[in-house]
There are 2 protein chains.
Amino acid sequence: VKKMTITTTNPLTGVVTPTSLEPSTAAEVLHLTELAALALPKLAALGRSWRSDLLEKIADAIQGHSDQLVEAAASETGLSEVRLQGEVLRSSYQFRLFAEALREGSFLEAAIDFAGETPLGPQPDIRRILVPVGPVAVFGSSNFPFAFSVLGGDVASSLAAGSPTVVKAHPSHPLTSQVSAEVLTEALKVAAAPTGTFDIVYGQDAGIALVQSPAMSAIGFTGSLGAANVLQAATASRENPIPFYGELSSVNPFIVTEGAAATRPAEIANALFASFTLSGGQLCTKPGIAFVPNGPQGDYLVRKLTDITGESGAAVLLNSRIRDAYVAIEQRLVAAGAALLANGKQAHNMSISVPPTLLLTDAASVGAELAEECFGPLLVIARYDSITTVCRALVRVPKSLTLTVQADETEEGLVGELFEKLQPFAGRLVHNGYPTGVRVSWAQTHGGPWPATNTQFTSVGVSSIRRWLRPVSWQNVPQHVLPTELRDGPCDVPRREDGVLILPRLMG
Amino acid sequence: VKKMTITTTNPLTGVVTPTSLEPSTAAEVLHLTELAALALPKLAALGRSWRSDLLEKIADAIQGHSDQLVEAAASETGLSEVRLQGEVLRSSYQFRLFAEALREGSFLEAAIDFAGETPLGPQPDIRRILVPVGPVAVFGSSNFPFAFSVLGGDVASSLAAGSPTVVKAHPSHPLTSQVSAEVLTEALKVAAAPTGTFDIVYGQDAGIALVQSPAMSAIGFTGSLGAANVLQAATASRENPIPFYGELSSVNPFIVTEGAAATRPAEIANALFASFTLSGGQLCTKPGIAFVPNGPQGDYLVRKLTDITGESGAAVLLNSRIRDAYVAIEQRLVAAGAALLANGKQAHNMSISVPPTLLLTDAASVGAELAEECFGPLLVIARYDSITTVCRALVRVPKSLTLTVQADETEEGLVGELFEKLQPFAGRLVHNGYPTGVRVSWAQTHGGPWPATNTQFTSVGVSSIRRWLRPVSWQNVPQHVLPTELRDGPCDVPRREDGVLILPRLMG
């Protein structure tokens, strides 16, 4: 039986082209996951410093193949070259940041409680560190062909953790995934990494086989709530439940106060348009609903936004599934009572595209129906009489990755009150900025209360590594059994000893 | 309609007595959880130092009511007064340890990335801290009426986190739960804690209502896999999934090397007997299967253990459900091929008790069937020809909270190899010790791979607080909006600034 060949579609032209790729079979997936399990102790034996060097080599390889990567992605994502070049840079930066975090070593949470007398009597020596959880399955996203796919943050963080990683390529960009895997594999070869450290699989059935493999220990997923449910149902057949870290959907409420509407209406209209249409509005941090005050100043802001949207050109989307969903959700929002304020222009070519869309409702009517996430360049404006109405509406809408407040400096009291009230609703709270554009850094949180998942963690930034680690404690073991970071004597990572946090001695 | 009255049973006498307690209704539970949700921001406003003082006050109240608490538990658990006194001390110590951790502040994982130029361009100010996840539901355990119940580690850690807490009392010790709740409530009153900071509910239906309440944000459960499945099924009706941290079952393999059998057979036989019968064998860390080498030295150890077990008196169990399960599981183990080596004495009174039991099999036959957790004083001895047979058997049995190796000092190479191979099988690895007895400290891990749950976390020790926290980042917000630990200037907790971990200045 000949396997189906995987195709790639150029959203700019609508042209579908066959590739040389075939869907991975269940047997192939199982074999790769078993190789990943075998790689786990080998990676551990190579140590933290080796892993740090490996990540640097991967970062170098990504930058060295930048043109080839951008070319592949440009042909199958419809994203601009500038955006793709930036994303390749971000991907290599992510690997370098984790290389730095590996050298620094705080993520290990190393701790020693020496044997001794305590208020509960004599106690044994206990030493704790975080170890890799085991092989990790990563599902690439459609909207970030690099930064959340084969070369993305989930892979960078799981390899940093020492967990062998198997990626399921997103069907929207198979060629980009293939080139990315080749680039990563080249760096692994240079570093003489163990077989099984990384691999890639293609096809929906392969994704199911991947999450069902007994060898896997955790899942990182970026995609729709529907696809997440399918995968979680598939994991029900596992003998051992494993953590599922999903990035599902987020409506990212955006609140404009009276003061902000009064002092910066045009600036906010321009920047908000740029934010909700950035990358065709296909960002998990896209503001999906904006609360604007009633009255002439809010009217002016909305009129500006309506004008800009009406004059805007069509946005190319990643694939026809996203386009179809966009059209269906726009219809649902209108059926739920939103009025059409403006539509941008339709494209007059064969591209997979939609016009940017601005809808209107009032804040008192806003509930889950009017706050459905619409992946693409669509924004719902909700007009409000008082900030209390906004806070009440937020209780009725799903929680988010981000929540933004645009305010004026004179509104200090209101801003304080708002941020205190809004804290339970999101993972990142933005003041006088725009939620799109996520800083990759130590203090970042990209997560939040359900359905903004990773409630306890983040999927962007250094602390995202914590998802792929678990604590282990050793009791009364000989020195040679311990990881080097837990042995007596000087230590090259921050370590807690009898409850006191000690930093490594600074080198002269 | 008059409600059913809750009864209490004295396992020492089998006598059942009515109490004045009634099962909480679903409406009562919902009301209490709503009060808990209202308490969340009030607790946050009171701050870390206030919470630290509160925990100290609770610790004081526990110690002040020690006699009353022990008396209640002695009448309904069958546990010895010495054990119960120790457990009350441990409970108060746990509150003091979290008070210390609150003052120290590392658990906040405070981090600031200042605004500035980066390789990815100019980036905004981002500040991150861990905040309470929201109201927590804690299910008390049968086997720790204090340390894992109303006054236990889950409650201490969730209150430390700033999460209001509602406890479901274990039906095995309602009076102890009631007295415990009164003691805790007294301390809350002294501290003028907000209404809703803590409450208690009784009855199985109340437990279901608790996990289904929209107000709850996380669940801490200690109990059987079966009960955990019931609760998890109940949470399926929730609109928002919430984390479920379960302590379910653990067989805790115990390996005696040839060297240990040769040099310390009598010592190990005595201490192993003490370990598997401690508190009637009703500990989640009880060694359930011991691998002993073939040959005369292993024979000697097993003969000693057989003699001690045969001469031992009956063990009083916590309740008749545990006794019935013990009898049924012993029968299943024998049906699966284990041979009876020894039974202790039967009790000749009305107590709820069983004789300690020693069973025998060979390591090559050991799989999940012969490694079923039996809550109570039962140990399966598995004889082995080579350590390879032991390692192969461990792959076939469920993973555990702990794994122990008893070895001789001459076996350095074997010990290193064993601990490396065994790391994936447990959360705590013990050398020349016994797994029962869990140190409450900073470096402790009480968790492990499924079904030893809390894979990513621990339920004992300071880092158990992490279960009740989630990260939040603030982007570009004014100083007054930030938690005090994230404001510019000197800081009283360890904090990461632009990636560099900085300790608070030591006071002179």
Side-chain angles (χ1 to χ4, degrees), chain A residues 41 89-90 93 100 104 106 109 111-113 119-120 123-124 126-128 131 133-134 240-241 243 412 415-416 419-420 423-424 427-433 439-445 447 449-450 455-458 463 469-478 480-481 494 496 499 501 503, chain B residues 41 89-90 93 100 104 106 109 111-113 119-120 123-124 126-128 131 133-134 240-241 243 412 415-416 419-420 423-424 427-433 439-445 447 449-450 455-458 463 469-478 480-481 494 496 499 501 503:
Chain A
L89 189 65
R90 171 175 164 178
Y93 178 77
E100 190 187 326
E104 196 267 348
S106 281
E109 298 181 12
I112 301 177
D113 297 318
L120 302 183
Q123 297 289 343
I126 298 270
R127 304 186 185 214
R128 169 189 191 260
V131 304
V133 71
N240 59 329
E412 201 172 289
V415 165
F419 275 104
E420 196 190 317
Q423 189 187 296
R428 178 165 54 105
L429 302 160
V430 182
H431 175 253
N432 286 0
R439 181 173 184 179
V440 178
S441 65
W442 295 79
Q444 187 57 273
T445 300
W450 176 265
T455 304
Q456 316 289 102
F457 298 106
T458 172
S463 62
L469 296 164
R470 69 178 182 96
V472 169
S473 293
W474 287 263
Q475 179 173 324
N476 192 33
V477 304
H480 74 280
V481 166
R496 188 173 301 280
L501 185 58
L503 301 184
Chain B
L89 189 64
R90 171 175 165 178
Y93 178 77
E100 191 186 326
E104 197 268 346
S106 281
E109 298 181 13
I112 301 176
D113 297 320
L120 302 183
Q123 298 288 343
I126 297 270
R127 304 187 184 213
R128 168 189 192 260
V131 304
V133 72
N240 58 330
E412 201 174 290
V415 165
F419 275 103
E420 197 191 317
Q423 190 187 296
R428 178 164 55 108
L429 303 160
V430 182
H431 176 252
N432 286 0
R439 181 174 183 180
V440 179
S441 65
W442 295 79
Q444 187 57 272
T445 300
W450 177 265
T455 305
Q456 315 289 100
F457 298 105
T458 172
S463 62
L469 296 164
R470 69 178 181 96
V472 169
S473 293
W474 287 264
Q475 180 173 323
N476 192 33
V477 303
H480 74 280
V481 166
R496 188 172 300 280
L501 185 58
L503 301 185

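FYI, side chains are in, hydrogens and waters are out, and symmetry mates aren't considered; it's all heavy atoms of this structure. A, B, ... follow the sequence lines: proteins, then strands. Residue 1 opens every chain.
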Among G134(B), G433(B), S106(B), residue most engaged with chain A (heavy-atom pairs, under 4.5 Å): S106(B)
Chain B contact via V481(A) - side chain, backbone, both or neither, heavy atoms under 4.5 Å: side chain
Exercise: identify the closest heavy-atom pair between P494(B) and L503(B): CB-CD2, 4.1 Å
Toward chain A, the part of Q423(B) with a non-hydrogen atom under 4.5 Å: both
Top contributor to chain A interface from N240(B), L120(B), V440(B) [non-hydrogen pairs under 4.5 Å]: L120(B)
Region of L501(A) that comes under 4.5 Å of a non-hydrogen atom in chain B: both
Point-to-point distance, once rounded to the nearest 0.5 Å, from OH of Y93(B) to OG of S441(B): 7.0 Å
Gap between atom CD of Q123(A) and atom CZ of R439(B) - 0.5 Å precision: 5.5 Å
Contact leader toward chain A among G416(B), P478(B), P124(B), P471(B), where contacts are heavy-atom pairs under 4.5 Å: P471(B)
W474(B) CH2 to R428(A) CZ distance, which is reported to the nearest 0.5 Å: 13.5 Å
Option in R127(A), R90(A), Q444(A) with maximal non-hydrogen atom pairs under 4.5 Å from chain B: Q444(A)
Spatial distance of atom OG1 (T458(B)) from atom CZ (R128(A)) [nearest 0.5 Å]: 7.0 Å
Chain A contact via L89(B) - which portion, at a heavy-atom distance below 4.5 Å: both
Closest approach of A443(A) to A111(B) (non-hydrogen atoms, all atoms of both residues): CB-O, 3.6 Å
Proximal component of R496(B), with respect to chain A [non-hydrogen, under 4.5 Å]: side chain
Selection from P41(A), P449(A), P424(A), G427(A) maximising heavy-atom pairs under 4.5 Å formed with chain B: G427(A)
Toward chain A, the part of E104(B) with a non-hydrogen atom under 4.5 Å: side chain
Backbone of I126(B) reached by a side-chain donor or acceptor of D113(B) within 3.5 Å: no
Stepwise side chain to side chain contact (heavy atoms under 4.5 Å, CB included) check, E109(A) with W442(B): CA-CA 10 Å; E109(A) 298 181 12; W442(B) 295 79; over 6 Å; no
Heavy-atom contact with chain B under 4.5 Å, split by part of E412(A): both
From CG (L429(A)) to OG1 (T445(A)), nearest 0.5 Å: 9.5 Å
Part of V133(B) within contact of chain A (heavy atom distance under 4.5 Å): side chain
